[in-house]
Novice: 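First the structure, then my questions, so here it is.
Everything numeric in this text was worked out from a predicted model, so none of it was measured.
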Amino acid sequence: VQLQASGGGMAQAGDSLRLSCKGSDPTFRRYVIGWFRQFPSKEREFVAVVSWSGAMTAYTDSVKGRLTISRDIAENTVYLQMNSLKPEDTAVYFCAASLWTTTDRLPSRENEFHAWGQGTLVTVSS
């Protein structure tokens, strides 16, 4: 599956942005989709993940209550709604796909995902 991330841009602290990750074909709906971000320091971290059905989600602690991941199965798209943006959210955001089958948790490590989009830059100024 190929992934196309979009929606990044420049924002002020407190603003909102919505990132999109669109799948290239209908098999997209079989994949668990996650968002990661890479900071200017080059460190990459897990942000959020959604199950293939959309029923299960997980987030890193620093974004809970501000960022929401969801998926539109009909549109073959996963969204990351980003509210109350902070300068520390500045990063390149990547979406990634996983054929995850374990039911006790969702994937959150880079090596648990095998297909990646190209990244979209989010810059938040204070």
Novice: Taking all heavy atoms of Arg37 and all of Val63, pick out the closest pair and write down the distance.
Specialist: NH2-CG1, 3.8 Å
Novice: Rounded to the nearest 0.5 Å, how far apart are NZ of Lys22 and OH of Tyr79?
Specialist: 7.5 Å
Novice: Between OH of Tyr93 and CH2 of Trp35, what distance do you get to the nearest 0.5 Å?
Specialist: 10.0 Å
Novice: Do Glu43 side-chain atoms and Phe39 backbone N/O form a donor-acceptor pair below 3.5 Å?
Specialist: no
Novice: Minimum heavy-atom separation for Leu85 to Ala11, with atom names?
Specialist: CD1-CB, 3.9 Å
Novice: Check whether Gln118 reaches the backbone of Ala5 with its side chain - one donor and one acceptor, N or O, closer than 3.5 Å.
Specialist: yes
Novice: Would you call Lys64 and Asp61 a salt bridge, taking side-chain N to carboxylate O under 4.0 Å as the test?
Specialist: yes
Novice: Tell me the closest heavy-atom pair linking Leu3 and Gly23, and the distance in Å.
Specialist: CD2-CA, 4.5 Å
Novice: Identify whether Leu99 and Ile33 are in the same connected component of the hydrophobic contact network (ILVMFWY, side-chain heavy atoms under 4.5 Å).
Specialist: yes
Novice: Nearest 0.5 Å, what's the CE-OG1 distance between Met56 and Thr103?
Specialist: 8.0 Å
Novice: In the hydrophobic clustering (ILVMFWY, side-chain contacts below 4.5 Å, transitive), which residues join Trp52, or is it alone?
Specialist: none
Novice: Honestly, is Arg71 close enough over Tyr31, meaning NZ or CZ under 6.0 Å from the six-membered ring centre and within 45° of the axis?
Specialist: no
Novice: Minimum heavy-atom separation for Val124 to Asp89, with atom names?
Specialist: CG2-CB, 4.4 Å
Novice: Membership question, hydrophobic clusters at under 4.5 Å side-chain separation (ILVMFWY): are Val122 and Phe46 in the same one?
Specialist: no
Novice: Show which side-chain atoms of residues 13-21 pair as donor or acceptor with protein atoms under 3.5 Å away, not counting sequence neighbours.
Specialist:
unit_1 : atom_1 : unit_2 : atom_2 : d
Asp15  : OD2    : Gln12  : N      : 2.9
Ser16  : OG     : Asn83  : OD1    : 2.9

Novice: Which atoms form the tightest heavy-atom contact between Val32 and Val50, and what is the distance?
Specialist: CG1-O, 3.3 Å
Novice: Quick check against the 3.5 Å criterion: does Asp25 have a side-chain atom that pairs as donor or acceptor with the backbone of Val1?
Specialist: no
Novice: Taking the side chain as every heavy atom from C-beta outward, state whether Ser62 and Glu45 have any atom pair closer than 4.5 Å.
Specialist: yes
Novice: A quick test of your reading: do over 12 heavy atoms of other residues, nucleotides or ligands sit less than 6.0 Å from CZ of Arg30?
Specialist: no
Novice: Between Phe113 and Phe36, how do the two ring planes meet: parallel, tilted or perpendicular, split at 30° and 60°?
Specialist: perpendicular
Novice: Using every non-hydrogen atom in the two residues, find where Ala48 and Leu80 come nearest and quote the distance to one decimal.
Specialist: CB-CD1, 4.2 Å
Novice: Would you call Trp100 and Arg105 a side-chain contact if the rule is heavy atoms closer than 4.5 Å?
Specialist: yes
Novice: Sorted by first residue and then second, give each disulfide (SG to SG under 2.5 Å) pair with at least one member in residues 30-68; sequence neighbours left out.
Specialist: none
Novice: Is a side-chain donor or acceptor of Tyr59 paired with a backbone partner of Ile69 at a separation under 3.5 angstrom?
Specialist: yes
